[in-house]
Amino acid sequence: MRDSVTDLKSILNDPALLETRGYVAGEWIEADDGASFDVTNPARGDVIAQVADLSRTEVARAIDAAESARHAWAARTAKDRAGVLRRMHDLMMAHADDLATILTAEMGKPLAEARGEIAYGASYFEWFAEEAKRIYGETIPGHQPDKRLTVLKQPIGVAAAITPWNFPNAMIARKIAPALAAGCGFVGRPASETPLSALAIGVIADRAGLPKGLMSILPSTRASDIGKEFCENPKVRKLSFTGSTEVGRILMRQAADQVMKCSMELGGNAPFIVFDDADLDAAVAGAVACKFRNNGQTCVCANRIYVQDGIYDAFAEKLAKAVAELRIGDGLEEGVQLGPLIHDDAVSKVETHVDDVLSKGGTVLTGGARHNMGSNFYQATVLAGVTQEMRIAKEETFGPVAPLFRFKTEEEAISMANDTIFGLASYFYSRDIGRVTRVQEALEYGVVGVNTGIFSTEVAPFGGVKQSGIGREGSRHGLDDYLEMKYVCLSV
Ligand SMILES: NC(=O)C1=CN([C@@H]2O[C@H](COP(=O)(O)OP(=O)(O)OC[C@H]3O[C@@H](n4cnc5c(N)ncnc54)[C@H](OP(=O)(O)O)[C@@H]3O)[C@@H](O)[C@H]2O)C=CC1
Ligand SMILES: O=C(O)CCCC(=O)O
């Protein structure tokens, strides 16, 4: 194991970015009970690091430290706080190659995508450094002649975050940055599959001069214990979670006891609709980008591709050809476009969905089986003849499978697209301005991509409706979740 750690360190320009201890109350620590856990490279199956496995005790210390440090932090000028966030952005960009290497080693996505994720994660620090200076209150005309009414925006307190493995840098970055910009303390627990990228942000924060104790990064395999500490500790006033709807529901129930403010970025089941009047080549390119980004492992990847009757066959043929050409391999090798899935359970889920389609009359246009690269690899797949009765229509596959559904009318497409408990991302391709307007209004989703398969940016509000979540991340609205309004009524 230690050889693998040395191996990963040896390919970094700055090996100190590979931190395996917890970052608690401003110190780098091992677990109190000495426990640790292995982090594995999903492409190769080898252990790349042994990381401190923290328990509730260390987490409670981190929360205490964040509560103590946050008052002085909030009292600093916004420009001053912004300066620290800006330095975090600059340092992340300066170390982008190393951070991308760590990310690919623990998560598997190709290096080019990992570099993109580091820039994406860093952009939240840049954006919220700027927004920190624009936390404006309000004055309201008084309701009586002697009354002067104002609204103050104040930091909510200590914010806790739980993040998934699919974006080990960007998902925690877009929670840390608005929390710190707002003047909050922060405690975050990254997924146990991918703690190293989050710990590297701790190293960056230290170097950028973030006050000790204000932010802690808490690696642990004891997910449910840590979730309970976050929800039951009265010093925590806000919980931000990205992950499955199932775990989101558990956390919301737990957070109810303290009436804690929650942001939930949960599962999706994104429809991708291609109308007869679409630019066919653009729609194929958009579908590949959208479906196969991160090997299908994002909550905004197309999960159901609805194609209108008139262009179904042409679209299916072109898509299958493009997908068959995707290069699959170890993400650390330059030029690879699709890496492994995160673990064997993820591959099994993909297999189950494909088998279900095939058993109910669907067909394989390309792929359709495990890949000979290794146990975590699955072939890039396109399936035809998929219908609403199949599992893939109802559940998020989170893998490299593009299922094609056929439809006849606009109404039918909208109805099938909205027939889900989820409401995060949706997409459609059309060149008819009337249809573009009607469909974007009719889709019950938090985000709609029109004639594009990629929309993520720090400047726009990201989040879902229905059981895909609550709250928005990024944009000027992304600060609201970390602020409280205080109404002041002054009698003069
Ligand atoms: N919205 C999104 O971006 C994501 C959606 N998903 C969806 O969820 C499915 C399952 O993925 P999975 O990774 O298992 O997602 P989970 O929701 O199980 O995990 C997300 C995070 O929550 C943690 N967690 C799990 N259980 C608890 C708990 N009881 N209390 C507190 N924290 C908890 C996990 O820790 P640990 O790592 O230790 O399990 C991880 O950090 C995917 O196939 C996909 O459909 C998954 C990831 C991201
Ligand atoms: O999968 C997610 O949870 C987020 C997708 C990344 C993004 O587009 O912001």
Side-chain angles (χ1 to χ4, degrees), residues 37 39 51 53-54 56 59 106-107 109 113 116-117 119-121 123-124 160-175 188-195 198 218-232 239-255 263-270 289-290 293-301 303 341-343 345-350 352-353 392 394-399 401 422 424-425 446-447 449 453-464 467-469 472-475 478:
F37 63 99
V39 177
V51 173
D53 193 356
L54 306 186
R56 277 184 87 150
V59 172
E106 66 176 344
M107 191 271 153
K109 71 178 59 172
E113 271 194 67
E117 181 180 338
Y120 184 42
S123 74
Y124 285 97
I162 299 174
T163 51
W165 47 264
N166 62 342
F167 288 84
N169 174 290
M171 291 304 102
I172 198 159
R174 76 182 184 194
K175 299 182 192 303
R189 178 196 171 274
S192 46
E193 291 91 345
T194 57
L218 308 159
S220 176
T221 56
R222 313 174 212 199
S224 126
D225 277 4
I226 309 304
K228 286 192 182 121
E229 183 63 31
F230 284 171
C231 293
E232 290 168 12
L239 178 66
S240 179
F241 172 70
T242 299
S244 63
T245 295
E246 192 187 354
V247 173
R249 285 191 199 106
I250 295 172
L251 290 169
M252 283 182 75
R253 278 188 209 111
Q254 286 177 188
S263 301
M264 293 281 148
E265 208 268 90
L266 308 175
N269 182 6
C290 177
R293 174 182 178 214
N294 203 11
N295 210 4
Q297 302 173 106
T298 90
C299 53
V300 296
C301 281
N303 202 54
L341 292 172
I342 188 69
H343 45 45
D345 284 353
V347 183
S348 299
K349 184 175 176 190
V350 169
T352 309
H353 279 194
I392 211 162
K394 301 191 169 44
E395 297 170 22
E396 194 171 30
T397 306
F398 239 57
V401 180
F422 298 106
L424 184 53
V447 186
I454 300 287
F455 50 62
S456 297
T457 161
E458 79 282 7
V459 309
F462 183 104
Q467 293 190 35
S468 285
R472 294 293 180 271
E473 298 193 298
S475 83

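In this chain, residues are counted from 1 in sequence order. For ligands, and for the atoms within them, numbers begin at 1 and follow the listed sequence.
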Considering only non-hydrogen protein atoms, determine which one is nearest to atom 3 (O) of ligand 2 and report residue, atom name and distance to 0.1 Å. C299 SG, 2.8 Å
Give yes if a backbone or side-chain nitrogen or oxygen of Y124 is under 3.5 Å from a nitrogen or oxygen of ligand 2, and no if not. no
For residues K175 and T242, is any side-chain donor paired with an opposing acceptor at under 3.5 Å? yes
Give the residue, atom name and distance (to 0.1 Å) of the protein heavy atom nearest atom 3 (O) of ligand 1. C299 SG, 3.3 Å
What residue and atom, counting heavy atoms only, is the protein's closest point to atom 5 (C) of ligand 2, and at what distance? F167 CE1, 3.6 Å
Should the proximity of M171 to ligand 2, defined as any heavy atom under 4.0 Å, be assigned to the side chain, the backbone, both, or neither? side chain
In terms of residue, atom name and distance, what is the protein heavy atom nearest to atom 9 (O) of ligand 2? Y120 OH, 2.6 Å
Give yes if a backbone or side-chain nitrogen or oxygen of R189 is under 3.5 Å from a nitrogen or oxygen of ligand 1, and no if not. yes
N/O to N/O below 3.5 Å, does that happen between P164 and ligand 1? no
How far apart are the C-alpha atoms of R174 and E265, what are their side-chain angles, what is the distance that settles it, and do they pass the salt bridge (Lys or Arg N to Asp or Glu O under 4.0 Å) test? CA-CA 12 Å; R174 76 182 184 194; E265 208 268 90; 3.2 Å; yes
Minimum-distance protein heavy atom relative to atom 8 (O) of ligand 2: S456 OG, 2.3 Å
Atom 14 (O) of ligand 1: any protein heavy atom closer than 4.0 Å: no
Quiz question for you: does at least one protein heavy atom lie closer than 4.0 Å to atom 6 (N) of ligand 1? yes
Applying a strict 4.0 Å limit to heavy atoms, is R174 in contact with ligand 2? yes
